[in-house]
Amino acid sequence: MLLGPALALSAILFSLGVAGVLLRRNAIVLFMCIELMLNAVNLSFVALAQLHGASGYVMVFFVMTVAAAEAAVGLAIIIGIFRHKQSVDLGNINLLRG
Amino acid sequence: MTEVVFYLFAAAAVISASLCILQRSPMVSALWLISTMFSLAAIYVLLNAQFIAAIQVLVYAGAIMVLFLFVIMLLNLGQAESDLRGPSTVAATLVIVGLLSVELVALIRYTPRRLAAELSQWPTYTDPATVFVAGQVTQQEGAARGVVGAVAVPLFQVYLIPFEITSILLLAAIVGAVVLAKRNA
Amino acid sequence: MTSLVWLTVALPLAGFLLNGALAIRRPGAKDLVSGIGVGALVGAFGVALTVFLDLWLRPPHAPVIVSLWRWLPVGSLQLDFAFQVDQLSAVMLLVITGVGSLIHLFSVGYMKADPGYARYFAYLNLFVVFMLVLVLGSSFPVMFIGWEGVGLCSYLLIGFWFSDKVNADAGKKAFIVNRIGDFGFMVAMFLIWHHLGSVNFTDMVERAPAVFASGSAAVTAITLFLFLGCTGKSAQIPLYTWLPDAMAGPTPVSALIHAATMVTAGVYLVARTNVLFALAPLSSTVVAGVGALTALFAATIALRQYDIKKVLAYSTVSQLGYMFIGVGTGAYASGVFHLVTHAFFKALLFLGAGSVIHAMHQAYHATHSHADAQDMRNMGGLKQYMPATFWLMLIATLAIAGVPPFAGFFSKDEILAAAFARGGDRPVYYLFYAMGVVTALLTAFYMARLITMTFLGENRTGDRERSHLQDAPMVMTGPLLVLGALSAFGGFINLPPFFGGGALLEHWLEPVTAPAHQFFGLEMPHGQTEFFLVGGAVAIGVLGLLAGYKATLRRRTPTAADAPADTGLARVLNRKYYVDEIYDAILVRPLVWLSRIVLWKAVDQGVVDGAAVNGTAKLSQGLGWLGSRLQTGQVGVYVVLFLVGALWILHAMVG
């Protein structure tokens, strides 16, 4: 059974995704790292679905759906910001500053 | 044999992910992410989730990543200078990610037997087969109705309402995306 | 009948409220104000008389307690607001309402032209209310209400013409100096509660002999603290300095408050708590000693004062000293006797002086002169212009000098005899006796000086003013006549057996002074010793009067404007031994420095304002600033923080 290694791979991919979110300033690349994190979690669900049944697969299904919706809306927002500021550099977007 | 193939694709996934987060150009990053997804799809097949592998390629790599590529090309970002954050952030990242991976990689030691032992009441005598009944059911379903049927049965019976709500969610996402991206007239 | 005693308080209280309202709304309604003010007092006197008669004809076994309402039911202290009607309070009641009525009547004439007429009568009535609460109170706290209240009214009345800063300062001084004494009273009250478990007078009389051993430290401490209160209220050393300054108030106020009633509160207190003083012979000696010293000290100052009211003020301080010698020797009835006779002749002296000042004021007003109407050097030979006033003041002078058969002779003589008798027990009392005798000599001297300078010799007022000098109207002279009769014949209320009398007052007060006789009994001298003492006292009095008359008449007294400054001893006496200046340097200045520099600048501004209030604000601001550093608006920072939190939760769930 490949349970252990699959879960470890999931952990590594998730950590890489987190590192990417923290390190990059480009908004689109940030989103892609978030997708990477979601993929890692999908892998985890699939690995455990062998033991816990098809609800794992159903969960993966829903995660993908939500990821799709989120990507669509998020990218639309980025387009809106780009129109306004001519840049997607998150270092410049600090209007919520306290 | 499967193990070797697994480790092969696992390495491919890790390398692709690393390159994805480190590339300067967003376009190249997107392509490396697609590569990661393909590797993951292969691993899903090895984990006996063929349907999910197919959906991964179709939806994730085929639709979502294409959307990303469209937006990158639309914004015409070009080859920007490095957008990595400052050294303080790098340090913080190393710390956080270090801690995270240390916590999670410990999962490698899990086998079904060990997981069963942790989940049941009589640790020493458990047989994974008796604890993970649901997994057995799925396998039987899979044998009876095929790969797609094994997923479809819970999806359209137990999880019907979440399924319907998801469709509304998608509708909301579509409307939202259209409204947000519309050019002001 | 005795249960009606509350009316004596209620009538003046109503007078105060009504006159107060009139003072605010219709200050011009002088006739109405007079009617209310004087009527309230006369009514109170009537009630007092019935109470006294009831007490006389049907003497009760124990003091009658008239409880008005439940005041402080707190744990083991069940205190009622109650009046105690017994022989002592009945005597005080008569004196206060009787002399008070006469002075109210006098004020009608004296204050006629004053715009604050209604306010004056309101305050005067209020004073009588508090004074009556003081003497009628059945427990220490009720008495203390009166004690404080008369201090308040004293302040209000001394500073009556407050638009002149000197008067306002005098009022303040009186109140503040009194407060020091009040502290003593309060400490004593707390100690009594602590030791005896009750603050009622009847309980005190019952329990004190059982609880306190004679001469023990506890009862000595209590009585010394009580006496501190007395020195404040009754102007003894060291807290007498407010009384001469208090002459800044209207003269009838000086007569009522600073001669007849308020200043006697201290003597009344000692008489009331005589059981405690009898159990503490050391304190009694201190009382008598301070009284003697004050009497002598004040008498010397009076020798060289030129303001007629100041002479009388120091005379009051001196005579109060006599009263304390009396109660300090254990002769409580004698002290009270002198209190009563002093009320008569001192009130007469002050009111007479008031008539003189009134006439001088009118004279100077007519000629628009700014000379001092109270300075005796501007008077002289007033006998021909104001004969009635002269004869009445002469009676009072003879009384105060101790010439028989006037009132002061009997009371003063008894006190001196008691001091002499106590000398057999404790020799130090012989010293007090000697001081008392010297004081008697000086008293006669300065009173004769006063009469001579004011009424005899040739007139120095000024040629143009002379024609305006006249006797006061009947509304003012009438009360003087009554007081004159009392000064002349008042001594007969306590005629000692030596003169064939029945010592009425002493027997009357026996139920109250009985405990003292038990512990501090006194064997009064009789026979030959008494004869010599009495003869000596009379001789001293007459000698002093003649010496004063001759000495004053002989030298040519210049008018105040032309008078050369005093030098040497005379100057020290005139400046009252510089006591006020000494107090100022030793006490007042350091205190003001402490308040301003330490407590205000350092503590209040620095610590409380700076560190506590502003400091806390700055701390909040600082913390807020720190918090604001988190709100950068940058997504990256938020993500980092988010992940830190997620990591933490993960660790908590797993580890």
Side-chain angles (χ1 to χ4, degrees), chain A residues 1-20 22-26 28-29 31-33 35-36 39 42-43 46-47 49-55 57-58 60-62 64-73 75-80 82-83 88-89 91, chain B residues 6 10 13-14 17-18 20-21 26 29-30 33 36-37 40 43-44 46-49 52 55 59-60 63-64 67-68 71-72 75 83-85 89-90 93 96-97 100-101 104-105 107-112 115 132 134-135 137-138 150-151 154-155 159 162 166 169-170 173 176-177 180-181:
Chain A
M1 261 295 194
L2 290 168
L3 180 62
L7 291 177
L9 174 63
S10 162
I12 294 172
L13 286 176
F14 188 82
S15 308
L16 284 171
V18 170
L22 290 175
L23 286 174
R24 301 300 296 262
R25 282 208 310 268
N26 191 319
I28 300 179
V29 176
F31 258 91
M32 287 197 283
C33 296
E35 296 296 334
L36 180 57
N39 270 298
N42 277 349
L43 174 59
V46 167
Q50 294 175 297
L51 300 176
H52 283 287
S55 12
Y57 300 137
V58 171
V60 169
F61 188 86
F62 285 130
M64 280 192 205
T65 314
V66 170
E70 166 225 339
V73 175
L75 287 170
I77 293 176
I78 291 181
I79 292 177
F82 182 79
R83 278 207 198 112
V88 288
D89 188 336
Chain B
F6 174 84
V14 171
S18 317
C20 166
I21 68 176
S29 280
L33 188 60
T36 312
M37 289 176 182
L40 281 178
I43 293 176
Y44 289 161
L46 287 172
L47 288 174
N48 220 6
I52 301 298
I55 294 185
V59 173
Y60 244 122
I64 295 176
L67 178 63
F68 266 100
V71 172
I72 292 170
L75 296 183
D83 65 334
L84 272 175
R85 291 185 188 267
T89 318
V90 171
T93 309
I96 293 174
V97 171
L100 195 61
S101 47
L104 294 177
V105 167
L107 292 167
I108 195 172
R109 292 190 288 123
Y110 271 94
T111 60
L115 195 57
F132 301 121
V137 170
T138 308
V151 178
L155 184 62
Y159 300 105
T166 311
L169 172 72
L170 285 171
L180 284 169

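For clarity, every value in this text was computed on a predicted model and none was experimentally measured. Chain naming here is simple, since letters A, B, ... match the order of the sequence lines and numbering starts at 1 in each.
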> Looking at A:Gly17, A:Gly80, A:Ala69, A:Ser10, which one has more heavy-atom pairs under 4.5 Å with chain B than the rest?
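When all of A:Gly17, A:Gly80, A:Ala69, A:Ser10 are compared, A:Ala69 has the most.
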
> Which one, A:Ile77, A:Asn42, A:Val66, leads in non-hydrogen pairs under 4.5 Å with chain B?
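Heavy-atom pair counts peak at A:Asn42.
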
> Which answer fits B:Thr93, side chain, backbone, both or neither, if we ask what part of it has an atom under 4.5 Å from a heavy atom of chain A?
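Looking at B:Thr93, backbone and side chain both touch chain A.
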
> Can you tell which of A:Ile28, A:Val88, A:Ile79 has the highest number of heavy-atom pairs within less than 4.5 Å of chain B?
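So the answer, after comparing A:Ile28, A:Val88, A:Ile79, is A:Ile28.
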
> Quick one: pull up OG in B:Ser101 and CG in A:Leu13 and give me the separation to the nearest 0.5 Å.
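Answer for the OG-CG pair, B:Ser101 versus A:Leu13, is 12.0 Å.
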
> Tell me, side chain or backbone of A:Glu35 under 4.5 Å from chain B's heavy atoms, or both, or neither?
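For A:Glu35, heavy atoms of backbone and side chain both lie under 4.5 Å from chain B.
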
> If I take atom SG from residue A:Cys33 and atom CD1 from residue B:Ile21, how far apart are they, to the nearest 0.5 angstrom?
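So the gap between those two atoms works out to 6.0 Å.
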
> Using every non-hydrogen atom in the two residues, find where A:Ile12 and B:Val14 come nearest and quote the distance to one decimal.
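For A:Ile12 versus B:Val14, the nearest heavy atoms are CG2-CG2, 4.1 Å.
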
> When only pairs under 4.5 Å are counted, which of B:Ile43, B:Leu46, B:Leu170, B:Val59 shares the most heavy-atom pairs with chain A?
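Maximum pair count with chain A is reached by B:Leu170.
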
> List the atom of B:Asn48, the atom of A:Tyr57, and the distance in Å for their closest heavy-atom pair.
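That would be O-OH, 3.6 Å.
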
> Quick check on the interface: out of B:Gly176, B:Cys20, B:Ser29, B:Ala63, who has the most heavy-atom pairs with chain A under 4.5 Å?
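When all of B:Gly176, B:Cys20, B:Ser29, B:Ala63 are compared, B:Ser29 has the most.
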
> Which value, rounded to the nearest 0.5 Å, describes the distance between B:Thr36 atom OG1 and A:Asn39 atom CG?
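Going from OG1 on B:Thr36 over to CG on A:Asn39, the span is 8.0 Å.
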
> Decide side chain to side chain contact (heavy atoms under 4.5 Å, CB included) for A:Val60 and B:Ile55; before the verdict, give the C-alpha distance in whole Å, the side-chain angles of both, and the deciding distance to 0.1 Å.
CA-CA 10 Å; A:Val60 169; B:Ile55 294 185; over 6 Å; no

> For a side-chain contact (heavy atoms from CB on, under 4.5 Å) with A:Leu75, tell me which candidate from B:Ile64, B:Leu180, B:Leu75, B:Val71 qualifies.
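For A:Leu75, the side-chain contact (heavy atoms from CB on, under 4.5 Å) test succeeds with only one of B:Ile64, B:Leu180, B:Leu75, B:Val71, which is B:Val71.
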
> Could you go through A:Phe61 and B:Thr166, starting from their C-alpha distance and side-chain angles, then the distance that decides it, and tell me whether this counts as side chain to side chain contact (heavy atoms under 4.5 Å, CB included)?
CA-CA 10 Å; A:Phe61 188 86; B:Thr166 311; over 6 Å; no

> Looking at A:Leu16 and B:Ala17, what are the two nearest heavy atoms and their distance?
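Nearest heavy atoms, A:Leu16 then B:Ala17: CD1-CB, 3.8 Å.
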
> Flag the one option from A:Val73, A:Leu23, A:Val58 with the top tally of heavy-atom pairs under 4.5 Å to chain B.
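Most heavy-atom pairs under 4.5 Å with chain B: A:Leu23.
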
> Looking at B:Leu47, is its backbone amide N or carbonyl O close enough to the side chain of A:Gln50 to form a donor-acceptor pair, meaning the two atoms are under 3.5 Å apart?
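Yes; judged by distance alone, with no hydrogens or angles, the pair exists.
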
> Stepwise, does the side chain to side chain contact (heavy atoms under 4.5 Å, CB included) test hold for B:Tyr44 with A:Leu43?
CA-CA 7 Å; B:Tyr44 289 161; A:Leu43 174 59; 3.8 Å; yes

> For residues B:Phe6 and A:Pro5, report the shortest heavy-atom separation together with the two atoms involved.
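Smallest interatomic distance, heavy atoms only, reads CE2-CB, 3.5 Å.
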
> Over 60° means perpendicular and under 30° means parallel, so classify the ring planes of A:Phe31 and B:Phe68, tilted if in between.
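Correct class here is tilted.
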
> Give, as side chain, backbone, both or neither, the part of B:Leu40 having an atom under 4.5 angstrom from any heavy atom of chain A.
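When you check distances to chain A, only side chain atoms of B:Leu40 fall under 4.5 Å.
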
> Against chain A, label B:Tyr159 side chain, backbone, both or neither, depending on which of its atoms sit under 4.5 Å from a heavy atom there.
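Both backbone and side chain.
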
> Looking at A:Leu22, A:Val29, A:Leu7, which one has more heavy-atom pairs under 4.5 Å with chain B than the rest?
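It is A:Leu22.
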
